Amino acid sequence: MTTNLISYPKKNAKNKLWMAAIKPPMYSVAIMPIWVGTAIAYAETKIWNWTVFSVFLAAAILILAWENLSNDVFDSETGIDQNKHHSLVNLTGNKLLIFWLGNIFLCIGLLGILAIAWWQHDWTVIGLILVCCALGYFYQGPPFRLGYQGLGEILCFFAFGPIGMAAVYYSQTQSWSTQNLAASAIVGIATTLILYCSHFHQVKDDLAAGKRSPIVRLGTQRGAQLLSWFTASIYALTLVFVLAAVFPPWTLLSWVSLPFAIKLCRHVQQNHHNPEQVSNCKFIAVAVHFWCCLLFGVGFLL
């Protein structure tokens, strides 16, 4: 009886580490650009190719899985993840396995995008996605490691915003859209918000590994202040584009996510200096991203 009582908490703790390593909520980052870009394509052209949408969605999830796995591999080489118990490399103890598993996900994902390009006899989409993958590699991959120079947020914005959403819209319509470009700024900022929030609790490890993240450069207090402006810009830009008749008024439904945004900013303002308390802020940012982008897309459909 005593043995069982001791083993269950260990098993539960291990399961929690695996869930934290796999990061299921984070995959909304891959889904939302495709949802919003396709919704805009449908609103403008009444075209919704479900086969292309489904294949693109599956491919994006696989490519993001590659990004997450390869980041764990590359971070293990710099020592920045030595205290990160939910790193897949630390959990498995097999860096080579994680490296090749990530590459397999990338290849399958790119095959999906390649299939879309082949169906449409147009290589534009695969070209754009390859650019996004390159930005993902530049973020953590050697010899670039631009994330260590504090440039990760810029790469994230373009990969999940203007470039990624251009590929999604083009996959549905084989054309371009200024409305989609404007919307990509909203999605790009909301996505970048998650990456920005992931730095608050790991300043000590980042400094030790020589990583100059935005929070290392600014300090946690100034970083928390910038977060409020950063978050507010999502809603301010949406309102500006609605008033300018670029977006339909229904896109203001995205403001329903405002309570999550307020919760995020208050939480970080109060706990920016406490790594244990602020470590969950990226998951609040995921909630902001999910509900804001989901309702933003619904606004275009309505």
Side-chain angles (χ1 to χ4, degrees), residues 26-41 56-57 59-68 70-71 74 106 109-110 113 117 123-141 143-172 175-199 211-215 217 226-227 229-231 233-234 236-238 240-241 246-247 282 285-286 288-290 292-293 296-297:
M26 293 293 183
Y27 286 88
S28 66
V29 167
I31 295 168
M32 287 305 149
I34 298 166
W35 158 246
V36 175
T38 305
I40 294 170
F56 211 132
L57 194 63
I61 291 171
L62 287 167
I63 292 170
L64 184 61
W66 160 74
E67 177 78 8
N68 289 336
S70 61
N71 282 350
F74 298 140
L106 174 63
L110 288 178
I113 304 299
W123 304 106
T124 304
V125 172
I126 187 67
L128 291 169
I129 294 303
L130 285 173
V131 172
C132 291
C133 291
L135 294 179
Y137 182 83
F138 292 160
Y139 171 58
Q140 293 287 61
F144 308 100
R145 300 193 190 278
L146 297 183
Y148 280 68
Q149 309 306 316
L151 301 175
E153 278 70 13
I154 296 173
L155 300 177
C156 178
F157 172 80
F158 283 102
F160 291 94
I163 301 175
M165 281 189 56
V168 174
Y169 185 91
Y170 196 92
S171 72
Q172 291 287 331
S175 63
W176 311 103
S177 164
T178 54
Q179 187 178 59
N180 184 67
L181 179 62
S184 72
I186 307 297
V187 176
I189 294 171
T191 307
T192 306
L193 192 70
I194 300 171
L195 178 60
Y196 184 80
C197 286
S198 71
H199 300 305
K211 185 175 182 178
R212 303 287 294 170
S213 72
I215 305 305
R217 291 178 180 273
L226 181 60
L227 174 68
W229 289 99
F230 194 30
T231 306
S233 70
I234 299 171
L237 280 174
T238 304
V240 167
F241 283 129
V246 176
F247 296 162
K282 65 182 176 181
V286 169
V288 175
H289 172 270
F290 176 81
C292 178
C293 293
F296 188 52

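Computed from a prediction, not measured in an experiment: that's the story for all the values here.
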Could you tell me which non-hydrogen atom of [X] sits nearest to which non-hydrogen atom of [Y], and how far apart they are?
X: A39; Y: G297; answer: CB-O, 3.6 Å
X: A30; Y: A60; answer: CB-O, 3.7 Å
X: F290; Y: S28; answer: CD1-CB, 4.0 Å
X: C133; Y: I63; answer: SG-CG2, 3.9 Å
X: W123; Y: A117; answer: CE3-CB, 3.6 Å
X: G147; Y: Q140; answer: CA-OE1, 4.4 Å

Say whether, by atom type as modelled, one donor and one acceptor occur between the side chain of [X] and the main chain of [Y] under 3.5 angstrom.
X: R145; Y: K211; value: no
X: S70; Y: E67; value: yes
X: R212; Y: G150; value: no

Between [atom1] of [X] and [atom2] of [Y], what distance do you get to the nearest 0.5 Å?
X: I126; Y: L130; atom1: CD1; atom2: CG; value: 4.5 Å
X: C292; Y: I234; atom1: SG; atom2: CD1; value: 5.5 Å
X: F296; Y: H289; atom1: CZ; atom2: NE2; value: 11.5 Å
X: C156; Y: I189; atom1: SG; atom2: CD1; value: 11.5 Å
X: F157; Y: Y196; atom1: CZ; atom2: OH; value: 16.0 Å
X: W35; Y: I40; atom1: CH2; atom2: CD1; value: 11.0 Å

Checklist entry - Does L151 reach the side chain of F144, with side-chain heavy atoms less than 4.5 Å apart? => result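 They are not in contact (no side-chain heavy atoms under 4.5 Å apart), so the answer is no.
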
Next on the checklist: Do F230 and T192 make a side-chain contact, defined as non-hydrogen atoms from C-beta onward lying under 4.5 Å apart?
Outcome noted: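 A side-chain contact under 4.5 Å exists here.
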
Checklist entry - After noting the C-alpha distance and the side-chain angles of L237 and F247, does the key distance pass the side-chain contact (heavy atoms from CB on, under 4.5 Å) rule? => result CA-CA 10 Å; L237 280 174; F247 296 162; over 6 Å; no

Item to check | More than 12 heavy atoms from other groups under 6.0 Å of CZ on F158 | outcome: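 Not buried by this count: 12 neighbours or fewer within 6.0 Å.
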
Checklist entry - For F56 and T38, what are the C-alpha separation, side-chain angles and deciding distance, and is it a side-chain contact (heavy atoms from CB on, under 4.5 Å)? => result CA-CA 10 Å; F56 211 132; T38 305; over 6 Å; no

Give the table of side-chain donor-acceptor pairs shorter than 3.5 Å for residues 162-171, with sequence neighbours excluded, one pair per line with atom names and distance.
{"residue": "Y169", "atom": "OH", "partner": "E44", "partner atom": "OE1", "Å": "2.4"}
{"residue": "Y170", "atom": "OH", "partner": "D122", "partner atom": "OD2", "Å": "2.5"}
{"residue": "S171", "atom": "OG", "partner": "V168", "partner atom": "O", "Å": "2.6"}

